[in-house]
Enquirer: 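I am attaching a structure below and will ask some questions about it afterwards.
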Amino acid sequence: LRRPSPADRRARLALAHFHLATGRRPQAEALLAGLAADYPDSVDVLRARCALTAAAADGDAKEWNPNGVAAADGLI
């Protein structure tokens with residue numbers, strides 16, 4: 001896929017979500033950092049970065065990390 005393009009952005013976002021769902025948070029963070037650099041105006045990328053930043057580090061999806069929520073507010 002060619003950068004930048006909507007298809008590239010969607011594919012890379014899907015891969016980041018896959019990494020997160022399979023317990024590979026560092027890979028998801030790296031991929032989202034690259035997406036943020038390539039697509040700084042994308043709401044989808046911002047949404048994914050905020051969700052990852054606010055999520056609990058241990059993978060518990062039931063609660064948000066309060067410090068992560070504050071950091072996500074900074075992204076916005």
Enquirer: For Leu52, does its backbone N or O pair with a side-chain atom of Arg25 as donor and acceptor, under 3.5 Å?
Expert: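 Looks like yes, one N/O pair under 3.5 Å.
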
Enquirer: Are Asp8 and Tyr39 side-chain neighbours, meaning at least one heavy-atom pair lies under 4.5 Å?
Expert: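 A side-chain contact under 4.5 Å exists here.
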
Enquirer: What are the two closest non-hydrogen atoms of Val45 and Leu32, and how far apart are they?
Expert: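 Where Val45 meets Leu32 most closely, the heavy atoms are CG1-O, 4.4 Å.
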
Enquirer: Who passes side chain to side chain contact (heavy atoms under 4.5 Å, CB included) against Arg10, sequence neighbours left out?
Expert: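 Checked Arg10 against side chain to side chain contact (heavy atoms under 4.5 Å, CB included); matches are Pro6, Ala7.
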
Enquirer: Treating Ile, Leu, Val, Met, Phe, Trp and Tyr as nodes and any side-chain heavy-atom pair under 4.5 angstrom as an edge, say whether Phe18 and Leu31 lie in one connected cluster.
Expert: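 Same hydrophobic cluster.
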
Enquirer: If you round to the nearest 0.5 Å, how far is CG of Leu13 from CZ of Arg47?
Expert: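 Arg47 CZ to Leu13 CG: 9.5 Å, rounded to 0.5 Å.
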
Enquirer: Taking all non-hydrogen atoms of both residues into account, name the closest pair between Ala16 and Ala28 and its distance.
Expert: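 Looks like O-CB, 3.6 Å.
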
Enquirer: Could you report the tightest heavy-atom contact between Arg12 and Leu35, atom names first, then the distance?
Expert: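 Closest approach of Arg12 to Leu35: NH2-N, 3.5 Å.
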
